[in-house]
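All remarks here apply to the structure that follows.
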Amino acid sequence: MNRSKVVVITGASSGIGEATARLLAKQGNKIVLAARREEKLEKIVSEIIAAGGDAVYCITDVAKVGDQEALAQRAMDVYGRIDVWINNAGLMPLSLMAEDRVADWDRCVDVNLKGVLYGIHACLGMMRKQKSGHIINMGSLSSHQTGMACGIYAATKFGVRAISETLREEEAAAKSEIRVTMLAPGMIATELPQSLTTQEGRDGMQAAYDALAIPAESVAESIAFAINMPENTSINEIIVRPTAQQL
Ligand code: NDP
């Protein structure tokens, strides 16, 4: 079952966001892809259109509140409404606390946590007026667990879980008809390991991902499942990971 929806996706230039844009476009939805790398966005949008889909892109840095406001405006200008907003953009600059990588901490919080808040800021008022909408936030298994070198990343993803559950409760209380979903993926084959900021870290993480990770399409299918449920049914969290991933 699918009605055509207008779907905004941040972090749509690669990985989970790209796979989700392609799948939801194939299902007949109108997609607004957002990220910083224009050449990637341009290519994905032209391929979606060549395949018969409907999509536009908007260059967006999610850590800038003005960029997210402009993204919402672009979706409204082109399609006149926003049905689904997916706060997906993220990075994973893992490090030990004692490494004292303050710039990495700042970037992680700015993109993974404030980027989600700015996305909510950009779309919630309009969805309230519309009396419908669906906000999907990208958490992680690290929304539930942490470990060495994961402290800051897990803090942002625990935060995404807290924000998602709070938003769900508030919107239910307000009877706004806005649904809230958080995805909590395990190891998914994307460019994410390349966001570690040391060569050693990138190499180690990439090797672990090469051994275990499943395709981004598995997360895209999970997102489509939540979107395509009846409007009175809110899928609040989906944990999706490789069958062989132990932790
Ligand atoms: P990718 O690195 O493939 O994709 C990350 C996306 O985020 C890119 O499109 C990138 O685009 C975008 N991005 C990064 N910084 C910004 C920014 N400041 N403004 C706008 N866009 C930005 O990784 P994934 O697809 O894996 O990551 C997507 C989400 O999934 C993240 O939130 C990640 O934490 C989460 N996740 C991933 C898991 C995995 O194993 N892959 C596991 C659990 C969660 P650009 O550089 O063009 O701006």
Side-chain angles (χ1 to χ4, degrees), residues 8-23 31-45 57-71 85-94 104 106-119 122 136-146 150 152-161 163-164 181-197 202 205-220 222-223 237-242 245 247:
V8 175
I9 307 175
T10 69
S13 62
S14 68
I16 293 168
E18 175 183 354
T20 304
R22 291 185 189 277
L23 177 67
I31 316 295
V32 183
L33 295 89
R36 293 164 305 169
R37 288 172 293 177
E38 184 169 20
E39 67 290 352
K40 295 238 175 206
L41 293 172
E42 207 167 20
K43 182 167 184 289
I44 298 163
V45 165
Y57 69 84
C58 182
I59 300 165
T60 308
D61 182 342
V62 297
K64 295 181 177 159
V65 68
D67 278 20
Q68 297 235 38
E69 289 167 348
L71 172 61
W85 185 289
I86 306 179
N87 287 307
N88 165 71
L91 37 84
M92 187 175 69
L94 305 183
D104 285 356
D106 281 343
R107 196 75 196 132
C108 197
V109 170
D110 285 350
V111 175
N112 293 8
L113 194 57
K114 290 169 80 177
V116 169
L117 287 172
Y118 293 163
I136 299 179
N137 297 327
M138 192 53 64
S140 165
L141 286 183
S142 296
S143 298
H144 292 278
Q145 64 199 36
T146 186
C150 286
I152 314 307
Y153 182 70
T156 65
K157 295 300 188 179
F158 270 64
V160 170
R161 186 166 141 235
I163 290 164
S164 302
T181 301
M182 188 190 84
L183 270 291
M187 293 169 82
I188 311 298
T190 68
E191 295 177 11
L192 198 69
Q194 297 307 314
S195 67
L196 274 83
T197 52
R202 281 194 291 276
M205 191 58 69
Q206 192 61 58
Y209 269 64
D210 289 348
L212 208 56
I214 54 174
E217 285 70 20
S218 297
V219 183
S222 304
I223 292 172
E237 182 171 347
I238 299 176
I239 297 179
V240 47
R241 71 178 124 196
Q245 183 175 348
L247 294 171

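Atoms within each ligand, like the ligands themselves, are counted from 1 in listed order.
Ligand 1 lies less than 4.0 angstrom from a heavy atom belonging to Gly139. At least one heavy atom of Lys157 lies less than 4.0 angstrom from ligand 1. The shortest heavy-atom distance from Ser195 to ligand 1 is not under 4.0 Å. Using a 4.0 Å heavy-atom cutoff, Ala19 is absent from the residues neighbouring ligand 1. A heavy-atom separation below 4.0 Å is found between Arg107 and ligand 1.
Here the protein heavy atom with the shortest distance to atom 24 (P) of ligand 1 is Thr190 OG1, 3.4 Å. With hydrogens left out, the protein atom closest to atom 1 (P) of ligand 1 is Ser14 OG, 3.4 Å, a heavy atom. Among protein heavy atoms, atom 22 (C) of ligand 1 sits closest to Ala89 CB, 3.7 Å. In this structure, atom 46 (O) of ligand 1 lies nearest to the protein heavy atom Arg36 NH2, 2.9 Å. Regarding atom 30 (O) of ligand 1, its nearest protein heavy-atom neighbour is Met138 CG, 3.2 Å. Closest protein heavy atom to atom 25 (O) of ligand 1: Ile16 N, 2.8 Å. The single protein non-hydrogen atom nearest to atom 34 (O) of ligand 1 is Tyr153 OH, 2.8 Å, given as residue, atom name and distance. Atom 5 (C) of ligand 1 has its closest protein heavy atom at Gly90 O, 3.7 Å.
When the heavy-atom distances from atom 37 (C) of ligand 1 to Thr156, Leu192, Asn87 are ranked, the shortest goes to Leu192.
The one candidate from Lys43, Lys40, Glu42 that meets the side chain to side chain contact (heavy atoms under 4.5 Å, CB included) condition with Tyr57 is Glu42. Between Ile86 and the options Ile31, Ile16, Ile9, Thr181, a side chain to side chain contact (heavy atoms under 4.5 Å, CB included) holds for only Ile9.
Across all non-hydrogen atoms, the minimal contact from His144 to Phe158 is C-CZ, 3.6 Å.
Under the 3.5 Å distance criterion, the side-chain polar atoms of Asp104 are left unmatched by any main-chain donor or acceptor of Leu94. Within the 3.5 Å criterion, the main-chain N or O of Val160 finds no donor-acceptor partner in the side chain of Asn137.
Looking at Thr156 and Val109, their side chains come closer than 4.5 Å, going by heavy atoms from C-beta outward. In this structure, Val219 and Thr20 have side chains that are not in contact, with every pair of non-hydrogen atoms separated by 4.5 Å or more. When side chains are defined from C-beta on, Trp85 counts as touching Gln68, because their heavy atoms get closer than 4.5 Å. With a 4.5 Å cut-off on side-chain heavy atoms, Asn112 and Leu91 count as touching. With contacts defined as side-chain heavy-atom distances shorter than 4.5 Å, the pair Met138/Asn87 does not qualify. Side-chain atoms of Ser142 and Thr146, non-hydrogen and from C-beta on, never get closer than 4.5 Å to each other. Using a 4.5 Å cut-off on side-chain heavy atoms (C-beta onward), Glu237 and Ser143 make no contact. Side-chain contact check for Thr10 versus Thr60: every heavy-atom pair is 4.5 Å or farther apart.
Ligand 1 places these atoms under 4.0 Å from at least one heavy atom of Ser140: 43 (C), 44 (C). The Thr60 neighbourhood of ligand 1 comprises atoms 19 (N), 20 (C), with distances under 4.0 Å to a heavy atom of that residue. Within ligand 1, the atoms closer than 4.0 Å to a non-hydrogen atom of Ser13 are 8 (C), 9 (O), 10 (C), 11 (O), 45 (P), 47 (O), numbered from 1 in the order shown. Taking every non-hydrogen atom of Val111 and a distance limit under 4.0 Å, the qualifying atoms of ligand 1 come out as 15 (N), 18 (N). Heavy-atom proximity to Met187, at under 4.0 Å, picks out these atoms of ligand 1: 40 (O). The Ala12 neighbourhood of ligand 1 comprises atoms 9 (O), with distances under 4.0 Å to a heavy atom of that residue. If you number the atoms of ligand 1 from 1 as listed, the ones under 4.0 Å from a heavy atom of Asp61 come out as 17 (C), 18 (N), 19 (N). The ligand atoms of ligand 1 that sit less than 4.0 angstrom from a heavy atom of Gly15 are 3 (O), 25 (O).
Checked by distance only, ligand 1 and Ala63 stay at 3.5 Å or farther apart across all their nitrogen or oxygen atoms. Geometrically, ligand 1 and Gly17 share no nitrogen or oxygen pair separated by less than 3.5 Å. Checked against a 3.5 angstrom limit, the closest N/O atoms of Gly11 and ligand 1 fall inside it.
Applying the salt bridge (charged side-chain N to carboxylate O under 4.0 Å, His left out) test to Glu38 and every residue at least two apart in sequence or in another chain returns nothing.
Within the structure, salt bridge (charged side-chain N to carboxylate O under 4.0 Å, His left out) pairs that include any residue of residues 207-220 do not occur (at least two apart or interchain).
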